[in-house]
2 protein chains.
Amino acid sequence: MPKRVDHEERRARIAEALWRIACARGLDGASLRDVAAEAGISLGQLQHYFASKDEMLVFALEHISDLAARRVGERLGALGGEPSPRDVLLGSVREMLPLDDRSRTGHLVQIAYFVRAVHDERLRGHAKEGVPGLRAFFAGQVREGQLRGEVAGDRDPEAEAALLIALVDGLASYAVLDVWTAEEALGLVSGHLDRLFGVR
Amino acid sequence: MPKRVDHEERRARIAEALWRIACARGLDGASLRDVAAEAGISLGQLQHYFASKDEMLVFALEHISDLAARRVGERLGALGGEPSPRDVLLGSVREMLPLDDRSRTGHLVQIAYFVRAVHDERLRGHAKEGVPGLRAFFAGQVREGQLRGEVAGDRDPEAEAALLIALVDGLASYAVLDVWTAEEALGLVSGHLDRLFGVR
DNA sequence: GCTATAGCAATACAAACGACTTGCGAAATG
DNA sequence: CATTTCGCAAGTCGTTTGTATTGCTATAGC
């Protein structure tokens, strides 16, 4: 047998090159040749790891979702054993806003995929699948807040969760357009959470 | 002189053909030939009215913004002389959600432009310019609500306006992905407005 | 009625695209 | 040491892209 290389590691490297291009010029502006050049490899080598462009796009999307999920997990894990629901929600939200360059890149990539997902059935599945889980998680935190008496009992946890997701997403979208900064966006969500958690 | 045709009317027709394609397949999937075919004209004729593809895209964006602004204006005008701030806000929001097919098409087009705006300086200007005006308008309505005693005095009108814009935008984005329906989205914003306007 | 010109069709063209094929070197196995 | 198979480079293919060019037709003005 000839030499073996770590396929997954190579594919990850290529995916990261794709993100850099998608961030700078958009997903549709990323040709296979561009990605190969950005990754510092030949077109032939890229095609050795991805049989088609579509395969590359799907892999890159799954890869970035994994990384984002892991980042949120780490942040929440750092909160300690018994964190307050408000801190959990604010920590999650903080990870969903383009507060630093890396996160901003992630957002630009996510937006690039979002537009494609609108017209591409397969990608739409990927883009949608994370929402119910996130919504359930947020709703659980709201419910926990109600148990602790920090959230009014007449609030619908499922509705509040959806509101929070949509709100953060909208704030983040305008933040990447420089309509307002990510810090201002964070302040706005924080105010929203203040209201939800009875601090007046 | 030879015969003369109404250039603006032809350009508007071409722009509408572009929207139909952008709605179905995205902006990047719309070639000049596709647009010409959709408009029922030849490529040569299309080029007669738009010297370059970029010129066509910019015109189509400005045209759809004009139409959307006029729709909102009509809806608010139909509210009568002294409408309540809550009704004004809900009416505006209703126009910003993809509740019918025409509105959904408008949203898909807007999304297509949004992604392009992230990477295109000129389009970004167009995409951003409408927000401050809308925010000021919403903030004015919140302030009016405070004067009428319907909104708590410690709410920051500017912040509430930004929250509402971002919230509606996020809800609308997920609505076009079919994560939830536009009707559910409307119900969620309505609940948000209930809270803002002291109905508990 | 001649002419200038707007309107428009048809075609050409270079560039770039994704996909595919071929071929060679290297290395681990037998 | 031979052989097999992976890793990869280079080139080619047909298609599609935006733009440019050419030329015909009809009409308004002189």
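Order of the sequence lines sets the chain letters (A, B, ...), proteins ahead of strands, with each chain counted from 1.
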Separation of atom [atom1] in [X] from atom [atom2] in [N], rounded to whole Å:
X	N	atom1	atom2	value
B:E55	D:dG18	CD	P	15 Å
A:L57	C:dC17	CG	C1'	14 Å
A:Q45	D:dA9	CD	P	4 Å
A:L46	D:dA9	CG	P	11 Å
A:D6	D:dC6	CG	P	16 Å

Set of residues satisfying salt bridge (charged side-chain N to carboxylate O under 4.0 Å, His left out) with respect to [X], sequence neighbours excluded:
X	value
A:R20	A:E38
A:E82	none
A:R25	A:D34

- Task: Tell me what A:F50 touches on the nucleic acid: a base, only sugar-phosphate, or nothing, going by heavy atoms under 4.0 Å.
- Result: nothing
- Task: Please determine if B:E55 and B:R11 form a salt bridge, counting it only when a charged side-chain N lies under 4.0 Å from a carboxylate O.
- Result: yes
Should [X] be listed as having a side-chain N or O under 4.0 Å from OP1 or OP2 of [N]?
X	N	value
A:S31	C:dA16	no
B:Y49	C:dC8	yes
A:S42	D:dC8	no
A:H48	D:dC8	no

Could you tabulate the donor-acceptor pairs under 3.5 Å formed by side-chain atoms of residues 142-149 of chain B, not counting sequence neighbours?
unit_1 : atom_1 : unit_2 : atom_2 : d
B:E144 : OE2    : B:R148 : NE     : 3.0
B:Q146 : NE2    : B:A152 : O      : 3.1
B:Q146 : NE2    : B:G153 : O      : 3.4
B:Q146 : NE2    : B:R155 : O      : 2.8
B:R148 : NH2    : B:P83  : O      : 3.4

- For B:A136, what residues pass the side chain to side chain contact (heavy atoms under 4.5 Å, CB included) criterion, not counting sequence neighbours? none
- Task: List, by chain and number, the other hydrophobic cluster members for A:I14, where Ile, Leu, Val, Met, Phe, Trp and Tyr join if side-chain heavy atoms come within less than 4.5 Å, directly or indirectly.
- Result: A:V5, A:L18, A:W19, A:I21, A:L27, A:L32, A:V35, A:I41, A:L43, A:L46, A:Y49, A:F50, A:M56, A:L57, A:V58, A:F59, A:L61, A:I64, A:L67, A:V109, A:Y113, A:L123
Every protein N/O lying under 3.5 Å from an N/O of nucleotides 19-22 of chain D:
unit_1 : atom_1 : unit_2 : atom_2 : d
D:dT19 : OP2    : B:K53  : N      : 2.9
D:dA20 : N6     : B:Q47  : OE1    : 3.0

- Selection: residues 109-117 of chain A, any non-hydrogen atom under 4.0 Å of DNA chain D: none
- Residue that, paired with B:H192, satisfies side-chain contact (heavy atoms from CB on, under 4.5 Å) out of B:L164, B:L89, B:V93: B:L164
- Where at least one partner belongs to residues 90-107 of chain A, residue pairs that pass side-chain hydrogen bond (donor to acceptor under 3.5 Å, both in side chains), sequence neighbours excluded: A:R71-A:E95, A:R75-A:E95
- Residue list, side chain to side chain donor-acceptor pair (under 3.5 Å) with B:S84, at least two apart or on another chain: B:D87
- Query: For DNA chain C, which residues in residues 7-28 of chain B have a heavy atom at a distance below 4.0 Å?
  - Reply: B:H7, B:R10
- Task: Would you mind listing every ring-ring contact (aromatic ring centres under 6.0 Å, His included) that reaches into residues 137-184 of chain A, with sequence neighbours excluded?
- Result: A:Y174-A:W180
- Hey, which of these two, A:G29 or B:I41, hits DNA chain C nearer its 5' end, going by closest nucleotide? B:I41
